[in-house]
Each structure stands twice: as structure tokens, then as C-alpha cells.
> 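I'd like to ask some things about the structure below.
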Amino acid sequence: MLTLKYITENTDEVIARLAKKRFDGAAIIAQVIELDVLRKATQTKLDNSLAEMNNLSKEIGLFFKQGKQAEAAAAKENTIVLKDNIKIFDDKLSEIEQKLNELLVLIPNLPHASVPEGKHAEDNLVERSGGEIPALFEDAVPHWDLAKKYDLIDFELGVKISGAGFPVYKGKGARLQRALINFFLDNAREAGYLEIQPPYVVNAASGYGTGQLPDKEGQMYHCTIDDLYLIPTAEVPVTNIYRDVILDEKDLPIKNTAYSACFRREAGSYGKDVRGLNRLHQFDKVEIVQIQHPDKSYETLDQMVIYVQTLVEKLELPWRILRLCGGDMGFTSALTFDFEVYSAAQERWLEVSSVSNFENYQANRLKCRFKGADKKTQLCHTLNGSALALPRIVAALLENNQTPEGIRIPKALIPYTGFEMID
RNA sequence: GGAGAGGUGCUCGAGUGGUUGAAGAGGUACGCCUGGAAAGCGUAUAUACGGUGUGGAAUCGUAUCGAGAGUUCGAAUCUCUUCCUCUCCGCCA
């Protein structure tokens, strides 16, 4: 969430910038500021009462020590009213703080100055692109047909076992998955990321820390018996490693990578673009996460984008990078670049990665701070990106590399798959 | 799942109702000492919010001894709830 301090000190600027995200913040921010004034006044009253109480208690203790029972009893009388006041102020303060928090959580992150204006995905800017869109032979088919033809992925079997959106990978299909995961993890390690194996279920505090809760409550699978959530991305457990942590400035940037299965309910997105691997309830992804000094986070964002670019290039896929517009960006992000690869048989671009700088928005919730040489603690900046999400990469790989003789595996991947063709 | 023990600051570790934000030790930082280093000596070493205030100096107040609630004039210390850790038993990959 945004820091209270920033909102109160830059009110007009905040409202203006939120407009780019198509968020009308005027009313809610007015409420926040009003509550903040009330909060300060209430805390001052509470603190004064508590201080008085502490003094009285010390006095009473002294009276008892000196055997002055009468004086002690008299002083006790004075605490009665004070005690009532403390209770009133304390309750009021808690109530104000809770309300304030409820409001702050509703305000999205501020978009970076470079975020383009716009409402929809069509307004995103193509930053740059590369690779070649292949010319397919006449009988080329989409990946779901290829998956069937070569017995790589069984969607119907997944329906039987679990439901729609839970495919079963088989044979070279399964091996291709494993190869991609290892390929991505090895590349990340070589780029300086520490490999992490996180839990796949998290508690509510973690969901809250990275912003999935309460905003996207319905998008996560929830195990109600234990009140745990299946992770929608490794970002959640990995970033929460640094919840309530004060890092040493020397340790920045923190670079972590993790493979995980990802679980998403995708409520409300049935019907469109869900064919084959395009949208699943369970999928595999390798994530990269960085925690960085505020002065360096945009430099880091660029490096992460370039890193992801090297991956799609090694996989010989036609790619493009989009700078997301204000209306299409995520709630918690300040600047996001999406990666898309072209899926030649479907003849459409598929999103395979999203790389974002959250600035201190997540860190403020997480209480992830660092302390530098000046002994001051301040919030870190957090960044993350997919590197990469598997299903759509697989879709594009299958479709783009199909030949009448079989499906060609890109050179960089062959050491990982152990085979050159799917036939 | 059954029985017991415990959760204190960066770490270890005292502390069972009254200046305890918290002894002591270690670690770390700075200073002194030294040709340099070690040892030794000295000093410092949490976070959040609020008040006064300046160049984001400083200073005062409040809270925090796993978390939440309670008893009391007063709780790290007593009671309850809850989470977690450890030991033993059972069960299982």
C-alpha cells in the first residue's frame, strides 16, 4: 500500500497520478487524511493518559513501600477515571487505525511517469520486438491438435481426474516441461539468482503481504479447513521470505528465483481464449524476484526485462515487449512490461511474462526495509517477473516448430530434453 | 493424534508483580592504546507511532519480552485463548 506519509504530503499529486490508473481517489483520500488527523489527536490523548497512569502507579508503589496505606488508597481513587479514559481512547484509536487500513488497502499503486495513458490492452505500447514469425506449412495445426497427435498432453484425462484446466502431460510432453523448468532455473542461477524451493500453500498474512489479499481473494484456491491458500505464483512465498525483515544495505539487491506450480481459479474468465494451454488452473512457472535499493530499482527493472528477453531469444520464439498502459496495469505495480510470444498456428500473441517494479508498495505491506550506513531504516523496492511461464511457451514452441516430419526442439533446449524432435 | 517442556533484544542467557527497553556474556561498530595487528580499556548497538523542533540535528512521551484477551493502581513476571518450537509415544511418506 502507499505510505500514509506520502499521501498526506503529496495529496494532489497522488490523486492526479491515480487518475492514470483510472482510479478516482479524491473521495477516499480525503477520508484517509481526515482519519489521519483524528488518529494523531487520539494517540496524543491516549499517550498523555497512559503517561499519567504510569506516574500514578509509581507513586502508589512508593506509598506502599513507605507504609503509607491511606495515601496509596487515595491515589488509587484517582486512577479510576483515568482508566476509563484510557479504555475509551484506546478503543477509538484501534477503530480509527482499522478503518484507515481498510481504506489504504483500496488504493492502488501510483503509476510511474513513463506509463502510457490508456484504458485497455489495446493502448499498451510495443516497446520492442524480435525473432521471426515462421511461415507454417499448409496443414499446420494449433497446439491442442499437436498435443493429441503426438500424445503429449491429455486434456480430457485432466478433466476426468480434476476438472477443466488441469492437463496431464505425457511422454515427451512431460519431459519438455521438465526440460523447460531446468533450463529456466539454470539460466536464472547463471544470472545471479539464488534458487529457492518455496511452499505451495501460504497463510493469509502472506497473501496479504504481496497484495493478493484482500484484492484478489476469489482468484486463489482456499483450503478452508486449515485456512491456507494455494499460491497463484511463487512470487507470494518468495517475496514473503522478506516480510518483517530489516535487511542490511550491503545485501541489496536480493535476487531469488523459484520454480513452482501455480494455481489460479480464473473465476469469470471462462469461454474466451481458454482453449488448450492458453489458460489453465494449474501451470508451471519459474519466477524471478529482486529486492532493491529505491535508487536502483528502475535500473534493475531494465536488467530483468533484458534477462527475460534472452530467454525467449534462446528459445527462438518471435517476441515483443509491451509497456502496459495505466488502465491495463496490475493493482500493485508502478511499471510493468509484458512479454508476448507469437503462436503461429493460433495466429496470436500470447503473454508469457510480466515484469514489474512495485516500488515500495509491496514493501510497505510486507514491512520489508533496509538499513544503510546512515542508520536510517527505509522501505525497499520489490520487483518480480516470470522467467518464464510454461504453458504458452509450450504452445508457441509446438506450433511454431511443427514440420510435416515432426516438431523441432530449439537448439538451446536439446541438452535439457535429450531429444531433438517430437515425432 | 496422545503426554510433557518451552517461546525474552543481532545471538546466547538472567529475570515470578513496582524506575526492566529489560542484568550478564558474546557478536558488531566507533574511539583509545600499537610501528601494524591481537589482547586490553572506553563508548555505542531495536522498531513503530505521537509531541516539541531543526538543514531529516536533537529531545520528550507511548507501545512492543511469540500473538490476542483478562486480573491489578502497576505484568516479561499471574489467568485464559491461540500460534509455534523441542522431547517422548503413536501413525505415515
Side-chain angles (χ1 to χ4, degrees), chain A residues 1-10 32-104 197 199-209 213 223-229 237 240-252 254 293-295 360 363-380:
Chain A
M1 67 182 94
L2 299 175
T3 62
L4 243 183
K5 194 170 184 232
Y6 196 85
I7 293 175
T8 53
E9 288 176 2
N10 307 278
V32 164
I33 288 170
E34 195 185 326
L35 277 172
D36 188 43
V37 171
L38 200 57
R39 180 187 125 259
K40 287 180 184 176
T42 307
Q43 186 175 338
T44 300
K45 285 190 212 167
L46 175 64
D47 283 355
N48 290 341
S49 298
L50 283 169
E52 210 179 316
M53 184 63 111
N54 287 341
N55 287 333
L56 267 176
S57 296
K58 274 178 203 164
E59 265 179 47
I60 292 169
L62 272 178
F63 284 141
F64 276 124
K65 257 187 191 154
Q66 298 164 354
K68 297 177 179 171
Q69 302 296 336
E71 284 88 338
K76 271 196 197 184
E77 289 293 312
N78 294 332
T79 64
I80 295 171
V81 176
L82 208 48
K83 219 178 176 183
D84 284 346
N85 284 340
I86 287 171
K87 173 98 175 109
I88 290 165
F89 293 143
D90 197 22
D91 288 350
K92 194 174 172 193
L93 187 62
S94 307
E95 191 191 324
I96 291 168
E97 283 175 340
Q98 195 193 326
K99 250 192 225 165
L100 205 46
N101 205 48
E102 282 168 10
L103 291 176
L104 286 173
Q197 274 207 28
Y200 290 1
V201 291
V202 294
N203 55 31
S206 294
Y208 180 85
L213 295 175
C223 309
T224 51
I225 294 179
D226 299 299
D227 195 23
L228 293 169
Y229 295 85
N240 271 283
I241 291 171
Y242 306 96
R243 170 154 51 88
D244 291 318
V245 166
I246 299 177
L247 296 158
D248 193 319
E249 187 173 355
K250 292 197 296 282
D251 297 332
L252 299 177
I254 302 276
H293 190 287
D295 294 346
N360 67 18
N364 189 31
R365 284 196 184 196
L366 291 162
K367 297 210 188 69
C368 173
R369 294 159 291 178
F370 71 93
K371 189 184 284 202
D374 58 359
K375 296 271 190 182
K376 294 240 184 250
T377 56
Q378 57 175 313
L379 293 168
C380 300

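Letters A, B, ... are given to chains in the order of the sequence lines, protein chains preceding strands, and every chain is numbered from 1. Values below: every heavy atom of this structure, side chains too, minus hydrogens, waters and symmetry copies.
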> Mind checking salt bridge (Lys or Arg N to Asp or Glu O under 4.0 Å) for A:Asp226 and listing every partner two or more places apart, or none if nothing turns up?
none
> Under 4.0 Å between a side-chain N/O of A:Lys45 and OP1 or OP2 of B:G51, yes or no?
no
> Tell me, please, which residues at least two apart from A:Gln66 pass side-chain hydrogen bond (donor to acceptor under 3.5 Å, both in side chains).
A:Lys68
> Taking 4.0 Å as the cut-off, does a side-chain nitrogen or oxygen of A:Arg39 come that near to OP1 or OP2 on B:G50?
yes
> In whole angstrom, give me the gap between the P atoms of B:A23 and B:G15.
14 Å
> Under a 3.5 Å cut-off for both contacts, is B:G40 paired Watson-Crick or G-U wobble with anything, and if yes, with which nucleotide?
B:C32
> On RNA chain B, compare the nucleotides closest to A:Lys376 and A:Asn48; which residue's is nearer the 5' end?
A:Lys376
> Under the criterion side chain to side chain contact (heavy atoms under 4.5 Å, CB included), I'd like the reasoning laid out for A:Asp244 against A:Leu366: C-alpha separation, chi angles, the key distance, then a yes or no.
CA-CA 6 Å; A:Asp244 291 318; A:Leu366 291 162; over 6 Å; no
> Specify the separation, in whole Å, of atom CG of A:Asp244 and atom P of B:A48.
12 Å
> Tell me what A:Ala75 touches on the nucleic acid: a base, only sugar-phosphate, or nothing, going by heavy atoms under 4.0 Å.
nothing
> Atom OH of A:Tyr6 and atom C1' of B:G56: how far apart are they, to the nearest Å?
17 Å
> Between B:G68 and B:C88, how many Å separate the two C1' atoms, rounded to a whole number?
30 Å
> Do A:Asp47 and A:Thr44 have side-chain atoms, one donor and one acceptor, less than 3.5 Å apart?
no
> Looking only at atom P, what distance separates B:U19 and B:U62, rounded to whole Å?
14 Å
> Scan A:Leu46 against the nucleic acid and name what it touches under 4.0 Å (heavy atoms): base, sugar-phosphate only, or nothing.
nothing
> Taking 4.0 Å as the cut-off, does a side-chain nitrogen or oxygen of A:Thr377 come that near to OP1 or OP2 on B:A48?
yes
> Figure out the NZ/C1' separation between A:Lys371 and B:U47, and round it to whole Å.
8 Å
> Are A:Val202 and A:Asn240 side-chain neighbours, meaning at least one heavy-atom pair lies under 4.5 Å?
no
> Report the base-pairing partner of B:A14 (Watson-Crick or G-U wobble, both distances below 3.5 angstrom), or none.
none
> Could you let me know what B:G55 is paired to, Watson-Crick or G-U wobble, both distances under 3.5 Å, or none if it's on its own?
none
> What distance, rounded to whole Å, do you find between the two P atoms, one in B:G18 and one in B:G74?
14 Å
> Send over the distance from A:Leu35 CG to B:C49 P, rounded to a whole Å.
17 Å
> Please give the distance between the C1' atoms of B:G70 and B:A57 as a whole number of Å.
44 Å
> Need the pair for B:U19. Rule: Watson-Crick or G-U wobble, both distances under 3.5 Å, any strand; none if unpaired.
none
> Would you say B:C73 has OP1 or OP2 under 4.0 Å from some side-chain N or O of A:Asn54?
no
> Pick the C1' atom in B:C10 and in B:G27, then give their distance to the nearest Å.
8 Å
> Would you kindly give the CD-to-P distance between A:Glu97 and B:U64, to the nearest whole Å?
14 Å
> With a 4.5 Å cut-off on side-chain heavy atoms, are A:Asp90 and A:Ser94 touching?
yes
> Are any non-hydrogen side-chain atoms of A:Leu93 and A:Arg39 less than 4.5 angstrom apart?
yes
> Distances under 3.5 Å between protein N/O atoms and the N/O atoms of nucleotides 15-18 of chain B, please, pair by pair.
from, atom 1, to, atom 2, distance (Å)
B:G18, N2, A:Ser57, O, 2.9

> Between B:U16 and B:U71, how far is it from one P atom to the other, in whole Å?
24 Å
> Report yes if the side chains of A:Val32 and A:Leu100 come closer than 4.5 Å at any heavy-atom pair, otherwise no.
yes
> Counting side-chain heavy atoms from C-beta on, which of B:U47, B:U62, B:U72 comes nearest to A:Lys83?
B:U72
> Using both distances under 3.5 Å as the test, list the Watson-Crick or G-U wobble partner of B:G1, or none.
B:C89
> Applying a 3.5 Å limit to both distances, which nucleotide forms a Watson-Crick or G-U wobble pair with B:U72?
none
> Take atom C1' in B:G40 and the same atom in B:C84, then report the distance between them in whole Å.
43 Å
> Is the phosphate of B:G74 approached by A:Lys76 (side-chain N or O, under 4.0 Å from OP1 or OP2)?
no
> Taking CG from A:Asn101 and C1' from B:C49, how many angstroms apart are they, rounded to a whole number?
14 Å
> What verdict does the side chain to side chain contact (heavy atoms under 4.5 Å, CB included) test give for A:Ile7 and A:Leu104, after you've listed the backbone C-alpha separation in whole Å, the side-chain angles of each residue and the deciding distance to 0.1 Å?
CA-CA 10 Å; A:Ile7 293 175; A:Leu104 286 173; 3.5 Å; yes
> For A:Gln197, look at atom CD and say whether over 12 heavy atoms of other residues, nucleotides or ligands are found less than 6.0 Å away.
no
> Could you let me know what B:A48 is paired to, Watson-Crick or G-U wobble, both distances under 3.5 Å, or none if it's on its own?
B:U62
> Whole angstrom is fine here: how far is it from CD in A:Gln378 over to P in B:A48?
11 Å
> Please give, in whole Å, the distance from B:A48 P to A:Lys40 NZ?
16 Å
> Between A:Thr79 and A:Asp47, just flag the one whose closest nucleotide in RNA chain B comes earlier from the 5' side.
A:Asp47
